[in-house]
Amino acid sequence: MAADIRINMPGGAAQAFPRGAEVRDVLAVIGAGVSPSLVAARVNGAAVDLSYKIQEDAVIEPIEASSAAGLDILRHSMAHVMAQAVQDSFPEAQATIGPAIEDGFYYDFDYSPGFSPEDIERIESRMREIAAENLPFVRREVSREEAVALFQQKGEKYKVEIINDLPKDIKTVSIYAQGGYTDLCRGPHIPSTGMVKAFKLLSIAGAYWRGDERNRMLQRIYGTGFDTRQRLEEHLRLIEEAKKRDHRRLGRELDLFQVNDEAGGGLVIFHPKGMMLRTIIEDWERKEHLKRGYGIVMGPQILKADLWKKSGHFDHYRENMYFTEVDEQLYGIKPMNCLSHMLIYKSRIRSYRDLPIRYFELGTVLRHEKAGVLHGLLRVRQFTQDDAHVLCAPEQLNGEIKAIAEFVQYAMKIFGFDYEVELSTRPENSIGSDADWELATGALEGALKDSGIPYEVNEGDGAFYGPKIDFKIKDALKRKWQCATIQCDFTLPERFELSYVGEDGEKHRPVMLHRVILGAIERFMGVLIEQYAGAFPLWLSPVQAVIVTVTDRHISWGEEVRQRLISAGVRVEGDFRNEKLGFKIREAQMQKTPFMLVIGDREIDAGQVAPRQRDGKNLEAMTPEAFALLVQEQCSQFL
RNA sequence: GCCCACGUAGCUCAGUCGGUAGAGCACAUCCUUGGUAAGGAUGAGGUCACCAGUUCAAUCCUGGUCGUGGGCUCCA
């Protein structure tokens with residue numbers, strides 16, 4: 001029967017169309033015409049191609065290339081075009097998967113010679129040809145068997161594997177073809193390759209098939225793409241800008257730290273300014289922890305291997321640990337701080353009245369990280385955690401987790417970070433009973449819900465001893481790094497036979513939380529440097545002010561000002577070199593110093609300094625003591 | 001650990017299609033004493049990452065080692 005269907009835009013009036021009307025035709029009538037930047041549409045909420053034939057009453061929404069969903073579709077289509085270009089130039093390359101990602105796309109190929117930078121150029125120019133041909137993307141639904149046969153005949157064994165691994169109840173799959181290239185794909189896609197105009201291939205990398213290191217290493221080509229050339233240019237410019245914020249570059253330029261081959265990879269050497277920054281952060285930590293009822297403790301760097309066996313680390317974490325021998329006894333260099341804290345708890349009988357007990361340690365740990373993962377301050381082999389272990393009764397768990405989550409949120413606000421929260425559940429290689437895992441996971445999730453913190457669940461990503469909540473912040477290139485984490489642990493209290501005497505006079509087992517707020521100080525500093533591009537707020541600046549003299553005859557007042565400011569607690573340096581004022585200002589500016597204190601004849605006569613701010617603004621001249629007060633005031637809200 | 005790329009002065013980078021290297025900045029000395037983002041001159045500074053091999057000759061070619069960068073796996 002030829003009954004019409006009724007279709008409307010959200011909030012609009014429905015119009016009648018013949019059953020099977022194509023999306024693009026419908027939009028031409030009820031939309032504002034079909035714009036050239038239209039990539040697809042949502043029909044009753046599901047994204048479909050413009051060629052999709054509508055079979056029932058529907059609400060239809062256009063998807064423009066400029067929207068988030070549109071860019072996703074566009075980039076996904078770019079990945080297909082890239083795959084076509086690769087197979088045109090390298091017929092033996094097998095296509096695997098190629099999704100859109102944030103800001104771009106990639107496609108993984110099995111191609112053992114690997115791609116060279118020249119190959120990438122060749123692929124890119126072939127992509128431009130394909131785009132110029134303006135080939136339509138044609139969708140076809142085929143049976144599983146037909147699809148397997150098709151890809152088998154093309155020699156695409158990865159595609160065959162993907163189809164064979166689909167759930168049994170899926171009977172048909174969709175394939176998309178543009179020109180002579182056919183790919184297995186759910187879609188939707190842009191109408192034709194002509195929309196692929198603003199893209200750039202960025203890099204080539206290895207990636208394991210299905211993300212498993214036991215599998216074959218594939219060749220991944222990353223690209224970025226946008227709906228317009230302007231947006232592409234803007235994005236490429238932002239990447240260049242981000243590179244200038246790289247903490248490794250700023251670490252050298254601002255003389256904060258070094259990582260030296262001679263000393264070893266992943267081992268950070270802090271210079272005075274970097275250590276000043278670190279000291280400020282650590283002082284802040286101690287003060288904030290004392291406010292929240294933590295006791296500051298400290299354990300040794302090495303503990304007997306037997307103790308690591310007892311804790312389970314020897315069995316589950318050994319490959320990440322360093323060992324050493326002392327008097328023919330094997331010792332493990334600590335990769336975590338919990339063991340000493342266990343021993344502190346066990347040093348006497350505990351009552352329910354003592355709980356919760358919170359031990360805080362700025363604990364330096366060593367972990368054997370694989371060479372390929374080391375990265376500036378963000379991934380190192382020796383680092384210091386702002387670590388704490390909270391031992392409490394099970395019924396106190398929820399409150400403790402919430403308090404920690406609040407602490408984290410406070411810290412993130414102080415340091416000016418946005419963050420994402422993930423809940424990680426039980427991994428494969430884990431210890432402990434199902435019941436405990438369930439209880440612990442529930443406690444973490446419950447606290448998140450109670451606190452109204454949005455989070456995502458990361459299945460199977462927990463620590464071997466318990467589930468965890470991770471807080472992640474981003475570096476200049478938008479890579480996510482885990483900083484704060486809250487981990488629930490029923491196992492360690494059991495292994496160490498921790499107990500407390502309850503109200504009932506009986507022994508009970510406490511629950512333990514491992515948690516860090518900033519995480520690793522090194523990593524946190526890395527992201528912090530990138531966050532501020534090295535221009536730290538006054539309270540964090542290693543050098544808050546530089547005294548700059550106009551000529552040599554101003555040096556003695558400069559020296560006096562320096563002494564007086566140091567006495568007043570200002571972190572100040574003097575630049576009394578025989579250089580022009582402009583030169584010294586420029587240097588202080590490039591060092592991103594918050595204040596430059598200019599001293600010339602006028603200032604000496606008045607017993608003052610003339611502060612110039614990092615932003616170029618000059619303040620009224622004032623006495624050194626008035627300046628010290630100003631610094632104190634601006635820092636007081638953080639300290 | 002795996003894939004790809006890279007390693008030349010403190011930093012950023014040229015360069016040599018095999019005959020032991022150059023710039024700018026930084027550094028030192030001197031001149032200059034200059035009021036808000038680079039004053040001038042002179043000078044010093046490099047086993048061209050390291051170890052083998054090929055060659056009359058290697059910074060350059062080949063192999064290995066170490067390190068770095070971008071990813072993957074893993075993780076604070």
Side-chain angles (χ1 to χ4, degrees), chain A residues 106 108 111-117 119-120 202-222 243 246 248-249 252-253 258-262 264-266 317 319-320 335-336 363 365 367-387 424 427 461 463 468 470-472 477 479 481-485 487 514-524 526-527 548-555 578-590 596-603 610-614 616-618:
Chain A
Y106 69 78
D108 287 348
Y111 179 64
S112 40
F115 298 109
S116 67
D119 293 341
I120 297 300
L202 294 178
S203 62
I204 159 155
Y208 299 106
W209 167 236
R210 300 205 148 157
D212 190 327
E213 67 180 327
R214 288 166 301 194
N215 287 341
R216 196 169 161 75
M217 174 74 63
L218 306 172
Q219 303 295 315
R220 174 172 299 179
I221 303 175
Y222 281 97
K243 285 183 186 159
D246 191 313
R248 292 164 299 189
R249 176 188 178 133
R252 188 177 52 243
E253 288 175 357
Q258 64 175 302
V259 180
N260 191 312
D261 301 3
E262 283 187 90
Y317 206 71
E319 61 281 12
N320 287 302
M336 297 184 192
V365 298
R367 295 184 187 174
H368 181 249
E369 301 293 341
K370 291 176 182 176
V373 307
L374 302 177
H375 183 93
L377 292 181
L378 298 178
R379 192 75 184 271
V380 294
R381 286 184 171 152
Q382 173 179 311
F383 55 98
T384 299
Q385 298 176 299
D386 58 340
D387 203 1
S424 297
D461 213 28
K468 56 178 187 166
D470 292 329
F471 293 74
K472 301 196 171 180
L477 287 172
R479 290 176 293 210
W481 296 93
Q482 180 182 318
C483 287
T485 179
Q487 312 184 345
H514 307 246
R515 48 103 287 186
V516 291
I517 303 298
L518 306 182
I521 305 296
E522 286 79 359
R523 172 176 291 180
F524 185 76
V527 218
V548 288
T549 44
V550 177
T551 76
D552 286 354
R553 68 175 174 277
H554 308 122
I555 292 178
N578 176 12
E579 295 289 352
K580 287 189 163 188
L581 182 63
F583 180 88
K584 297 195 220 181
I585 296 267
R586 174 183 151 84
E587 210 145 276
Q589 193 73 40
M590 290 196 310
M596 288 141 246
L597 303 177
V598 178
I599 285 180
D601 290 340
R602 294 201 293 273
E603 287 73 28
R612 176 196 198 270
Q613 290 181 351
R614 188 160 52 189
K617 214 176 100 190
N618 281 297

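Residue numbers start from 1 in every chain, and the chains themselves are labelled A, B, ... in the order their sequence lines are given, proteins ahead of strands. Just so we're clear, the structure is a prediction, and the values are computed from it rather than from any experiment.
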**Q.** Distance, P atom - from B:C4 to B:U47, rounded to whole angstrom
**A.**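 Taking atom P in both B:U47 and B:C4, they lie 32 Å apart.
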Rounded to whole Å, please give me the gap between [atom1] in [X] and [atom2] in [N].
X        : N     : atom1 : atom2 : result
A:Phe583 : B:U33 : CZ    : P     : 18 Å
A:Arg214 : B:C74 : CZ    : P     : 10 Å
A:Leu374 : B:C74 : CG    : P     : 17 Å

Return no unless some side-chain N or O of [X] is found under 4.0 Å from OP1 or OP2 of [N].
X        : N     : result
A:His368 : B:C74 : no
A:Arg381 : B:A76 : no
A:Gln589 : B:A37 : no
A:Lys468 : B:A76 : yes
A:Arg252 : B:U12 : yes
A:Arg612 : B:A37 : yes
A:Tyr222 : B:C4  : no

Q.
Stacking between B:A76 and A:Trp481, yes or no? Criterion: centroid separation under 5.5 angstrom, plane angle under 30 degrees.
A.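 By the stated criterion, A:Trp481 and B:A76 do not stack.
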Looking across every strand, which nucleic acid part, if any, lies under 4.0 Å from [X] by heavy atom: base, sugar-phosphate, or nothing?
X        : value
A:Ala207 : sugar-phosphate
A:Asp261 : sugar-phosphate
A:Asp387 : nothing
A:Val373 : base
A:Arg248 : sugar-phosphate
A:Gly114 : nothing
A:Gly372 : base

Any donor-acceptor N/O pair under 3.5 Å between [N] base and [X] side chain:
X        : N     : answer
A:Tyr208 : B:G71 : no
A:Glu319 : B:G1  : no
A:Glu369 : B:A76 : yes
A:Arg379 : B:C74 : yes

Q | Worked verdict on A:Gln258 versus A:Arg252 for side-chain contact (heavy atoms from CB on, under 4.5 Å) | A | CA-CA 7 Å; A:Gln258 64 175 302; A:Arg252 188 177 52 243; over 6 Å; no
**Q.** A:Asn320 or A:Gly266, whichever maps to the more 5' nucleotide of RNA chain B
**A.**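 Its nearest nucleotide lies further toward 5', so the answer is A:Gly266.
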Q: Scan A:Glu579, A:His554, A:Lys584, A:Glu603 and name whichever one has a side chain to side chain donor-acceptor pair (under 3.5 Å) with A:Thr549.
A: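 That would be A:Lys584.
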